[in-house]
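Below is one structure; the comments refer to it alone.
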Protein chains: 4
Amino acid sequence: MTSAPTTRKKRANGVESRQRILDAAVEIAGERGYDGTSIAAVSAKCGLPASSIYWHFKDKDDLIAAVIERSFEAWLTAVELPGEEAGTPLERVTAMAANVAKSLVDAPDFLRLGLMLALERRPTEPRGRTVFLQVRDITHRKIAEVAATLFPALDEAAVDTLTTYAIAGADGLFVHREVKGDTVDLVALFELHAQVVHDAAARLAKERQEA
Amino acid sequence: MTSAPTTRKKRANGVESRQRILDAAVEIAGERGYDGTSIAAVSAKCGLPASSIYWHFKDKDDLIAAVIERSFEAWLTAVELPGEEAGTPLERVTAMAANVAKSLVDAPDFLRLGLMLALERRPTEPRGRTVFLQVRDITHRKIAEVAATLFPALDEAAVDTLTTYAIAGADGLFVHREVKGDTVDLVALFELHAQVVHDAAARLAKERQEA
Amino acid sequence: MTSAPTTRKKRANGVESRQRILDAAVEIAGERGYDGTSIAAVSAKCGLPASSIYWHFKDKDDLIAAVIERSFEAWLTAVELPGEEAGTPLERVTAMAANVAKSLVDAPDFLRLGLMLALERRPTEPRGRTVFLQVRDITHRKIAEVAATLFPALDEAAVDTLTTYAIAGADGLFVHREVKGDTVDLVALFELHAQVVHDAAARLAKERQEA
Amino acid sequence: MTSAPTTRKKRANGVESRQRILDAAVEIAGERGYDGTSIAAVSAKCGLPASSIYWHFKDKDDLIAAVIERSFEAWLTAVELPGEEAGTPLERVTAMAANVAKSLVDAPDFLRLGLMLALERRPTEPRGRTVFLQVRDITHRKIAEVAATLFPALDEAAVDTLTTYAIAGADGLFVHREVKGDTVDLVALFELHAQVVHDAAARLAKERQEA
DNA sequence: TATGAATGAGACTTCATTCAT
DNA sequence: AATGAATGAAGTCTCATTCAT
């Protein structure tokens, strides 16, 4: 009898466990925020004991930061940026906006958690907040690049303002949908937003030109 | 010994105590949200023992709801709506936006807490969230009334969309300032927002006309 | 306008307030026992503030003791001892048992609370417990007197044992009814108990005689 | 340094800890009842921190229920039912009664706590009460079986009444001893009870026969 | 790779009681 | 005769985290 490990149904699989923990954590943190996310709740949802969570993550802060990182990456791939497609600036802006709206409807946890983290002010900032603000800045820069291409008449400051305004509108419309529920047609609102931002770009260009 | 007000221990003064508790709570809750606001922290900040807080408020939920109610009223009076002032629609929209921006810079606790509550999804909704959403709806209605007056060409649905968009932009820009700090010129951004919304009104009016 | 005291609807009435407090307290304490009876609960049930309860009673211990006292007296008058009625010993014992059973069905709070107090062992005995045990001893003595009359063959020790046994049976049957609910016919069980005790008296008399 | 069992802090030993908690809890709850049993007191008596108690038991209700369960089992084994011993019915009933009396003198916590739970009426019934009433019913059934064997002339209803009466007497006599203290000879009282119940069985049999 | 058990700190809330009015 | 307000102690329970295995 060569002692074959008979109880090997669940042979230790670190990667899978880590995913299960993150899956549970993103759901809870996306709904309840930092303080509302207890290790015990994550443990209950993923089926692993709390101590196992601490094997995979240094502490709660580390877990939340990982949640933000992973869910941002998932969101990024979901947005499927339309690359250098053809079309008028308005068409391209509208297409991008629709894509973003769809991604936010499909996976709202990332932005919901991120905004909650962003709004909080605590004595020692959670790393998850820092990470969220970083990826937010990255996003800002990417959008600014596209804006600079689409509206070459704008100087750098104008592009920055326009991008800020575009992101703010997106955030606000997202909050609106979170509050009002599924009946809100986020895609339609984002398309309106795209048009409005497009018009604003033209206005800013003219103002710069005149000055 | 002429009856000097000896203030033996601490003369009972319900109204003042209630205010002190709310003052402490609005500050903490505005920074930390629902879960981050511990009764012990409020107690420490207002000087009254935790058990005294429970004389004035049924429970934490009741306290947070009262915080929302009072800070909304304070915010309302701070906005000082410009009444029936004269001027073009653009001038009037811009003036209102500037007023709102200033009020949000001066007293951001109301909206910060409100947005945090709005984003959370917990099994049993805190009463504070309900209250926030209600006063938000009231605000929406008031703005819609003004919009209907300023842009008579818009039908009801267009006014509603425009109002939603205006509020969303305000929320998003507020978040931007919360994230980026005091260097952000919220008044300038709100003035841009006013112009953009004004243009959007014209666009919506034309669309309705053509259809 | 002779300043008539218009707000005199509830002119201070100490006696009535005391009754209201006791009414509330007997109900709660009869259901929940000493620890389970909070001043706040009594206050809520009787409508008077907690501080008013302390005007009428020194402390919680005093209140519970008063509850025992008053409910014992109420129980005593409810039992309506059949005095020197005629009949065989068995008939008289049976009639008494039926009376007691009815009184316990109508107002079980006294005995329920009393038994809970009796069973508890706490470092400093509540005065209510002392009072209950005292009235219990009084009751024991009264029953012993009747027993000595009805069964003259019994010596003092036998009368005491018989009385103890009679009371124990009553207690136990009361517990049974409390546990099993209204469907239990307590009067029938007490009538059986009367017969059994009656037979036991004969047995004890014979034993004494033989010894 | 040969690997002496250093017992670094305190080696985790779930089973033993659980026992220690239950040992402490049965003592306190047996003396003070449900409300009188504070987790802090149990913690102090067993040496484990309060939070550790919550590792082993879901909540206080769960702990008390476990106390009832374990102490009932302990009591059951202590009673050492005399099986199919020979003897007249009276002898056998008397032997059983004496055994029960001894077990109650040795370990009164189970019944004391059980009766306190049984007497309480609270809005949401503690699980411990339910458990106690269940084991009580089981006991009732076991006794009824024996009674049916010993007194074959009795029909089912008579056996049930007799069993109810036997248990009630036991409860009442137990209460008497709890109140009056160690000087009470519980075994003697239970032997009297056995005789009396035996006589009652004969009486009931005759009644049934005549009817 | 994982986990059962433990733990101190702190969460919310209720407690009995007091005191000035 | 009564009460609004206050208060320290204690209640149950959850928290994030650690550690030996």
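The model shown is predicted, which means the values in this text are computed figures rather than measured ones. Letters go in sequence order (proteins before strands), and every chain restarts at 1.
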(message) I need the full list of side-chain hydrogen bond (donor to acceptor under 3.5 Å, both in side chains) pairs touching residues 51-60 of chain B, with sequence neighbours left out, sorted by first then second residue.
(response) none
(request) Enumerate the residue pairs fulfilling side-chain hydrogen bond (donor to acceptor under 3.5 Å, both in side chains) with a member in residues 32-42 of chain A, sequence neighbours excluded, ordered by first and then second residue. (result) A:Tyr34-A:Asp61, A:Asp35-A:Arg122
Below 4.0 angstrom from OP1 or OP2 of [N], is there any side-chain N or O of [X]?
| X | N | result |
| --- | --- | --- |
| C:Ser17 | F:dA1 | no |
| B:His56 | F:dG4 | no |
| C:Ser52 | F:dA1 | no |

(request) Map B:Trp55 and B:Pro49 onto DNA chain F by nearest heavy atom, then report which one ends up closer to the 5' terminus. (result) B:Trp55
(request) Work out how much the helix from E:dA2-F:dT21 to E:dT21-F:dA2 bends between its end axes, five pairs an end, to the nearest 10 degrees. (result) 10°
For the pair made of [atom1] in [X] and [atom2] in [N], what is the distance, rounded to whole Å?
| X | N | atom1 | atom2 | result |
| --- | --- | --- | --- | --- |
| A:Leu63 | F:dC15 | CG | C1' | 15 Å |
| D:Asn13 | F:dC19 | CG | C1' | 15 Å |
| A:Arg20 | E:dT1 | CZ | P | 15 Å |
| D:Ile64 | F:dT12 | CD1 | C1' | 13 Å |
| A:Arg18 | E:dA2 | CZ | C1' | 15 Å |
| C:Phe57 | F:dA2 | CZ | C1' | 14 Å |
| A:Asp62 | F:dA16 | CG | P | 14 Å |

(request) List for me each residue that meets salt bridge (Lys or Arg N to Asp or Glu O under 4.0 Å) alongside A:Glu31, sequence neighbours excluded, and say none if there are none. (result) none
(request) Please name all residues satisfying side chain to side chain donor-acceptor pair (under 3.5 Å) with C:Thr130, sequence neighbours left out, ordered by chain then number. (result) C:Glu125
(request) Could you tell me which residues satisfy side chain to side chain donor-acceptor pair (under 3.5 Å) with B:Glu69, sequence neighbours excluded, listed by chain and number? (result) none
(message) I need the minimum non-hydrogen distance between C:Val42 and C:Ile21, along with the two atoms involved.
(response) CG1-O, 3.9 Å
(message) List the residues meeting side chain to side chain contact (heavy atoms under 4.5 Å, CB included) with A:Ala44, not counting sequence neighbours, and say none if there are none.
(response) none
(request) Report the residues that fulfil side chain to side chain contact (heavy atoms under 4.5 Å, CB included) with A:Asp23, sequence neighbours left out, ordered by chain and then residue number. (result) A:Arg70
(message) Return a single string for nucleotides 10-15 of chain E, one symbol per nucleotide in 5' to 3' order, where B is base contact, S is sugar-phosphate-only contact and - is none, cutoff 4.0 angstrom on heavy atoms.
(response) -SSBBS
(message) Are A:Phe132 and A:Phe72 an aromatic pair, judged by ring center distance below 6.0 Å?
(response) no
